[in-house]
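In what follows, every heavy atom counts, from backbone to side chain, and hydrogens, waters and symmetry copies are set aside. Sequence lines set the chain letters: A, B, ... in the order given, protein chains first and strands last, and positions in each chain run from 1. These numbers were taken from a predicted model, which means no experiment stands behind them.
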Number of protein chains: 4
Amino acid sequence: MGSSFGDLFRISTFGESHGGGVGVIVEGCPPRLELDLQKIQAELDRRKPGQSKISTPRKEEDQVEILSGLLNNTTLGTPIAMVVRNKDHKPGDYKEMNVAFRPSHADATYQAKYGIQARSGGGRASARETIARVAAGAIAKQLLTKAHNTEVLAWVKRIHTLEAEINAQDVSIDDVEANIVRCPNQVMAAQMVERIEAISREGDSCGGVIECVVRNAPMGLGMPVFDKLEADLAKAVMSLPASKGFEIGSGFGGTLLKGSEHNDAFLPSNDGRLRTATNNSGGIQGGITNGESIVIRVAFKPTATIRKDQQTIDADGNTTTLSAKGRHDPCVLPRAVPIVEAMVSLVLADHLLRQQGQCSLW
Amino acid sequence: MGSSFGDLFRISTFGESHGGGVGVIVEGCPPRLELDLQKIQAELDRRKPGQSKISTPRKEEDQVEILSGLLNNTTLGTPIAMVVRNKDHKPGDYKEMNVAFRPSHADATYQAKYGIQARSGGGRASARETIARVAAGAIAKQLLTKAHNTEVLAWVKRIHTLEAEINAQDVSIDDVEANIVRCPNQVMAAQMVERIEAISREGDSCGGVIECVVRNAPMGLGMPVFDKLEADLAKAVMSLPASKGFEIGSGFGGTLLKGSEHNDAFLPSNDGRLRTATNNSGGIQGGITNGESIVIRVAFKPTATIRKDQQTIDADGNTTTLSAKGRHDPCVLPRAVPIVEAMVSLVLADHLLRQQGQCSLW
Amino acid sequence: MGSSFGDLFRISTFGESHGGGVGVIVEGCPPRLELDLQKIQAELDRRKPGQSKISTPRKEEDQVEILSGLLNNTTLGTPIAMVVRNKDHKPGDYKEMNVAFRPSHADATYQAKYGIQARSGGGRASARETIARVAAGAIAKQLLTKAHNTEVLAWVKRIHTLEAEINAQDVSIDDVEANIVRCPNQVMAAQMVERIEAISREGDSCGGVIECVVRNAPMGLGMPVFDKLEADLAKAVMSLPASKGFEIGSGFGGTLLKGSEHNDAFLPSNDGRLRTATNNSGGIQGGITNGESIVIRVAFKPTATIRKDQQTIDADGNTTTLSAKGRHDPCVLPRAVPIVEAMVSLVLADHLLRQQGQCSLW
Amino acid sequence: MGSSFGDLFRISTFGESHGGGVGVIVEGCPPRLELDLQKIQAELDRRKPGQSKISTPRKEEDQVEILSGLLNNTTLGTPIAMVVRNKDHKPGDYKEMNVAFRPSHADATYQAKYGIQARSGGGRASARETIARVAAGAIAKQLLTKAHNTEVLAWVKRIHTLEAEINAQDVSIDDVEANIVRCPNQVMAAQMVERIEAISREGDSCGGVIECVVRNAPMGLGMPVFDKLEADLAKAVMSLPASKGFEIGSGFGGTLLKGSEHNDAFLPSNDGRLRTATNNSGGIQGGITNGESIVIRVAFKPTATIRKDQQTIDADGNTTTLSAKGRHDPCVLPRAVPIVEAMVSLVLADHLLRQQGQCSLW
C-alpha cells in the first residue's frame with residue numbers, strides 16, 4: 001500500500017533520488033498489446049528536467065529499461081518491470097539541506113513518520129518518483145488507444161495569475177507541444193514564459209492550473225459508490241507532488257449556478273450513445289462516464305524550493321536559516337503535463353478492465 | 001470493489017432506495033472500543049431528510065440496528081454490521097421518472113453500464129446510500145477521539161453566491177448546529193436560509209461549498225506516494241453524490257501566490273511537534289500530516305432534481321419532457337455536513353491503523 | 001481484511017453466534033443474472049444443524065433475507081446483502097464454557113489476540129459464520145452455471161477410518177444426497193452412519209475427508225504466480241473451521257511417483273480444448289486450469305466439542321475441568337459438504353471475472 | 001493481482017526466464033530495520049541451481065542488487081526493490097520445446113489463457129521466479145528475528161518413498177545444512193542422495209515432502225474468518241511450482257483420530273502464554289497462533305522435466321514426441337527448502353504488521 005495504484009491495471013513503484021534507480025511494475029496489462037517503446041521514452045522526455053530554459057538547469061537522461069513482460073515488444077500478460085537508473089545525482093548539492101527542514105517540503109513529515117529519511121535529493125519525496133508514473137502511464141495510453149481510440153490530453157491552463165482561454169474540444173497535441181510552457185493558447189503561452197523567467201530571476205517560483213481532457217472515453221466506466229470515476233481521478237492527481245486542488249466539469253464555479261442552469265439536457269440520439277447539450281458534468285454522471293469528454297483541472301502550488309533565504313528549524317527544533325543556493329525549478333507545470341496525462345490514463349485503463357471484468361460475461 | 005472503502009479500517013456498503021434497506025459492514029475496527037450508540041444515531045439524524053424547512057419535505061426515520069461486532073457496546077475486533085431499513089419508500093412518486101432519463105442524474109449511465117437499473121428512487125445512486133457512510137463514520141469518529149482526541153468538524157462555507165467569512169480555528173460544533181443551514185457565521189446563515197427558500201419557491205436548486213477542519217490530527221499519517229493523505233481525502237469526498245471539486249489548504253487560490261509567499265515557515269519547537277507560521281499546506285506536507293490542522297473544502301453542484309420542466313430523452317433516445325412534480329430538496333449542503341465529516345473520519349481512522357501497522361513495531 | 005474474500009467477485013461477511021444475525025455482502029456480481037432464490041435457501045438447508053440423526057440435535061431455521069442488489073430477482077450489478085437472523089440462541093447452554101478455555105477451540109486465541117471475546121456460542125468462531133459463505137456461494141454457483149455450465153460437486157470421501165472408493169467422474173448430486181452422510185458410495189455410507197452413531201454414543205467425535213470435483217471448468221482460470229488457482233482453492237478451504245489439510249490432483253500420494261509416472265500426457269485434440277490421458281494435475285497446470293476436471297480433497301479434524309470431561313485452564317491460567325454437557329455434533333462433514341462447494345464456487349467465480357477483466361478486451 | 005502477495009508487508013514480483021531479469025518490490029517494511037545484506041544473498045545461494053551433484057548441472061550466479069529503500073543498509077519505510085539479472089539463459093537449449101507442449105508443464109495453459117507465451121525457459125512459469133520470493137523472504141526473516149526472535153526453519157521430510165523420522169522441536173539449521181539433500185536425519189539423508197542419483201541416472205525425477213516449523217511465533221497472529229493463518233500459509237506454499245498438498249499440525253493423519261484423542265489440552269501457565277500438552281493444532285487455533293510451534297508440511301510432485309521420450313501434442317493439437325535432451329533437475333526439494341521458509345516468513349511478517357495495525361492502538 002502507498003506505492004501501488006490501481007486494481008486490475010495496477011502499478012507498484014519504487015525509488016529514491018539517491019540509490020540505484022526508480023522504476024515500476026505494471027501488473028494486469030492485457031496480453032497481446034504491441035507496444036511502441038519509443039513512445040514510452042518520448043513521454044519520459046516530456047517529463048525530464050532541463051528540457052527548456054524555463055525548467056531546472058539540472059539535466060537528467062532518463063533512459064528506461066524494460067526488464068520483463070514482453071516478447072518481441074508484445075505484452076505477455078505478465079508483469080512489466082521498467083527501471084530508470086539514477087545518474088545525475090550529486091549529493092553535495094543538497095548538503096546544506098541536510099541540516100534544516102526545508103519549508104513546505106516533506107523533510108520534516110518523513111522524519112516524523114519514519115524516524116529516518118533519505119534527505120539527499122528529497123528521497124522518496126523527490127519528483128524523480130514521477131518517472132515511474134509516466135512510464136506506466138505511457139503503456140496505459142497505448143492500451144486506451146488500441147481498445148477505444150481514447151485520447152488523453154493535458155495542457156497548462158494557468159501560470160501564476162495568467163489564465164488562458166482554451167476551448168478544450170479543439171486542442172491538439174501539436175498545439176500543446178508548440179511552446180515550452182505547454183499552453184495551447186500561443187499568445188498566452190508567450191506571456192507565461194516571460195512570467196516564469198521573471199519570477200525565476202527573483203529566485204522565486206510559481207504554480208498554476210493544468211487542464212486535462214479525455215476524448216472518446218467509453219461509456220460505463222466508474223464504479224458506484226466509492227470508486228466513482230471522478231473520485232479515482234481526484235485521488236490520482238491529488239497524489240502528485242504539489243497538487244492542492246481538483247475539479248471535474250463545472251467544478252467550484254458550478255456551485256454558483258442553479259440546478260436549472262447546471263443540468264445537462266440529454267439530446268436525442270439514435271446510435272446508443274448519450275449526448276448532452278452542455279457538459280457541466282465533465283463526462284461523468286453518478287460516477288460513471290456518459291461518453292462525453294471528461295474534463296478535469298488540477299491546481300499546483302508554487303514550487304517549494306526557491307533561491308531566497310528562509311527561516312526554518314533543524315531536527316532539534318531550533319531556529320536556523322536555509323539559504324538554498326544553486327539550481328531551482330521556478331515552475332514545474334510544463335513538465336507536469338505528461339504526468340497528469342499518465343495518471344488519468346492509468347485510472348481509465350484500470351476502470352476499463354474492471355468494467356470488462358464485471359460486465360462483459362454475457 | 002466500488003462499494004468498499006479503506007484498507008485496515010474498511011467499510012463495505014450496500015442498499016438501494018428500494019429493497020429491504022441500506023447498511024454497512026465495518027471491518028478492522030480495533031477491539032475494546034466502547035461505543036456510544038446514541039452518537040451513531042445522532043449523526044444519522046443530522047443527515048436525514050425532512051429535518052428542517054429548507055430540506056426535502058420527505059421524512060425518513062433512519063433507525064440503525066447493529067447486528068454484530070459488539071459485546072455490551074464494546075467492539076470485539078470482528079466486523080460490525082449496521083442496517084437501516086427502508087420505510088418511507090413510495091414507488092409511485094417516481095413513476096414518471098421511469099420513463100425519462102433525468103438530466104444530470106445517474107439513470108442513463110447506470111443503464112449504459114449495467115444494462116439494467118433500479119429506477120425507483122434512484123436505486124444505488126440514491127442519497128440513501130450515504131446513510132451507510134455516516135453510520136460507519138460515527139464509529140471512526142469515536143475511535144479518533146479515544147486514540148488522539150482528534151476532532152473532525154465541517155460546516156457550510158458557501159451557498160450559491162453567498163460565501164461566509166469563517167475562521168476555521170475558532171469554530172465549534174455548537175456554532176455549526178446553531179442554525180439549520182449549518183453555517184457557523186450566524187449572520188450569513190440567516191441570508192443563506194432565505195436564499196435557499198427563495199430558490200426553492202422557484203422550483204429550483206442550489207449548491208455551494210463545505211469546509212472541514214481536523215484538529216489534533218496525529219503527525220505522520222499518510223503514505224507516499226499514491227496514498228498521500230490529501231489524495232485519500234480527495235477520493236473520499238469526490239465519491240459523494242454531487243461533489244465537483246476538492247481543495248486542501250491554499251487550494252486553487254494558492255496557485256496565485258509565489259513560492260516565497262506560499263511556503264509555511266517552521267516555528268521553533270521543543271516538544272517534538274512541528275509548528276508552522278502559516279498553514280497553506282493545510283496540515284499535510286509530502287502527503288503526511290505535520291500535526292497542524294487539516295483544512296479541506298468540497299464543492300457541491302446544485303441538486304439535479306428540480307420542479308421545472310426539462311427536455312430530455314427516454315431509454316430509446318427519443319425526446320421527451322420531464323416534469324418532476326412533488327417534493328424536491330432545494331439544497332443538500334446542510335445535510336451533507338455530517339457526511340463530509342464521516343468520510344474524513346474514515347480516512348483518518350484508516351491511516352491511523354496503517355501507520356500503527358507499519359511504524360509501531362519498534 | 002480477514003472477513004472479506006475474493007477480488008472481483010468479493011464477499012464480506014459478519015456475525016457472531018450471539019447478536020442479531022450473520023450475513024454477507026456480495027460485491028461485483030455481474031448484472032442481469034436471474035437468481036433462483038429457492039436454490040440459495042436450499043443450500044442453507046443442506047448446511048443447517050439438526051437435519052439428520054447424525055447431526056447436532058440443535059435445530060436452526062436459517063431463513064435468508066436479501067436486502068439489496070436485486071430487481072425482480074435479477075442482479076443489478078450492485079452489492080447483494082443477505083442476512084440470516086439468529087434465533088435459536090440460548091446463552092445458558094454455554095454457561096460453563098464461559099469459565100474454561102475449551103481445548104482446541106478458539107476461546108484462548110481470540111482472548112490472546114483481541115483482549116475480549118464473545119464466548120457465548122463461539123462468537124465469531126462459531127460455525128454459524130459459514131452460513132454467509134454458503135449463501136454467497138449459492139450465487140456463485142448460479143453464475144458458473146449460466147456462464148459455462150460449470151458444475152461444483154463435493155462429497156464425503158472418508159469418515160474416521162472408513163474411506164470410500166469413489167470414481168469422481170461418475171458421481172451425481174443425487175448420489176450424494178441419497179444418504180444423510182453425503183457419501184456417494186451407498187454401501188460405505190451405511191457403515192459411516194453407524195460409525196458416527198457409535199462414536200456419538202461414546203460422547204466423542206470424528207473427522208474425515210471431503211472430496212470436491214469441478215466439471216466443465218473453463219480453460220485459463222488462475223493467475224501466475226501467487227494467485228494460482230490451487231493456491232486460492234487451498235486458502236478457501238483451509239479457512240474453514242476444523243480443516244487441517246488440502247490436496248489437489250495426486251496430492252500427497254503423488255509424491256510417491258516418479259516424473260515419468262506422474263506426468264499427464266496430452267491427447268490429440270481438434271476442438272481447441274486440452275485433454276490429458278491422466279489427471280494427476282487435478283485440472284490445473286502452472287496454476288491455470290486446463291479444462292480437465294478440478295479435483296481437490298480437504299481434511300477435517302474431529303470436532304473439538306465432545307461430551308467427555310477434559311482438563312484445561314481458565315483465563316487466569318489455572319487448571320480446571322471442563323465437562324461439556326448437552327448437545328454436541330459428533331461429525332460435521334456431512335454438513336460441511338455444501339460449505340466446501342460454496343468456497344470452491346466463490347474462487348472460480350472470482351477467477352472467471354478476473355480472467356474476463358484482463359484477457360477479454362481484444 | 002497475481003504477482004503480488006501480502007497486505008501490509010506486500011511483495012510484487014516480476015520476471016521471466018528470458019528478458020533482463022527477475023525481481024521484487026517489498027512494500028510496507030517497517031523503517032529502521034538494519035539489514036544484513038549478506039544474509040539475503042546467502043538465501044539466494046541456498047536456492048540456486050547447480051549447488052550440488054543432485055541438482056541441475058545448470059549453474060546460475062544469482063547476484064542480487066538492491067535499488068531502493070535503504071540508507072546505509074537500514075530500511076527507510078519506502079519500497080525496497082531488488083533485481084537479479086538473467087545471465088545463464090541459453091535460448092537454444094529449449095528449442096525443441098518450442099514445438100511441443102511439455103506434459104505437466106505450464107506451456108499449454110499459458111497459451112490457453114493469454115494467447116501468447118514466452119516458451120524459452122518456461123517464461124513466467126520458470127522456477128527463476130522464486131528468486132524474487134527468496135530475496136523478499138530474507139528480509140521478512142530479519143524482521144521476524146528483530147521483532148520476536150521468531151525462527152522459521154524447513155527441511156526435507158521425504159524423498160520419493162523415503163520418509164525420515166524427525167523431531168521438529170530439536171532440528172537446527174546446522175542439522176539441515178549438514179548434507180546436500182537438506183534432511184536433518186543424517187542417516188536417511190544419505191539414502192535420499194543415493195535415491196535421487198539413481199532416479200537421475202534413469203533420466204527420471206522424484207518429489208517428496210518438506211516440513212517447516214516456526215518457533216517463537218507471537219500469539220495472536222491470524223485473522224478470522226478468511227485470513228486464518230493456516231489459510232494464508234496454505235495459499236503461500238500452494239502457490240509454489242510443483243506443490244500438490246498442504247498440511248498443518250496433525251493434517252490428514254489427524255482425521256483418523258477421535259476428538260478426545262486429537263484435542264490439545266491446555267497446561268497451567270502463569271506467564272500469560274498458552275501451553276498445550278500436545279500440538280495437533282500445529283500452533284494455530286481458530287486461525288490464530290497460540291504461541292506453540294507452527295508445523296506445516298508441503299507435498300511436491302516429481303519434476304515435470306525428465307530425460308525420457310514423452311508423447312504429447314503441439315499447439316495445433318497434433319500428436320508429437322518430446323525428447324527432452326540435456327540437463328534436468330531430478331529433484332527440486334533440497335532447493336525448495338529456502339523457498340518454503342521464505343513464503344512462511346512472508347506470511348508471518350504480514351500478519352505481524354496486520355496484528356499491530358488493528359490491535360496495538362490501546
Between C:Leu233 and C:His351, is there a side-chain heavy-atom distance shorter than 4.5 Å? no
Answer yes or no: is there a side-chain heavy-atom contact under 4.5 Å between C:Asn216 and C:Leu144? no
Please determine if C:Glu27 and C:Arg10 form a salt bridge, counting it only when a charged side-chain N lies under 4.0 Å from a carboxylate O. no
With a 4.5 angstrom heavy-atom cut-off, which part of A:Leu361 approaches chain C: side chain, backbone, both or neither? both
Do we see a donor-acceptor contact under 3.5 Å between the side chains of A:Arg133 and A:Ser345? no
Chain A: which of C:Arg354, C:Lys146, C:Arg32 shares the most heavy-atom pairs with it under 4.5 Å? C:Lys146
Quick one: of A:Pro31, A:Cys359, A:Gly77, A:Pro224, who has the most non-hydrogen atom pairs under 4.5 Å with chain C? A:Pro31
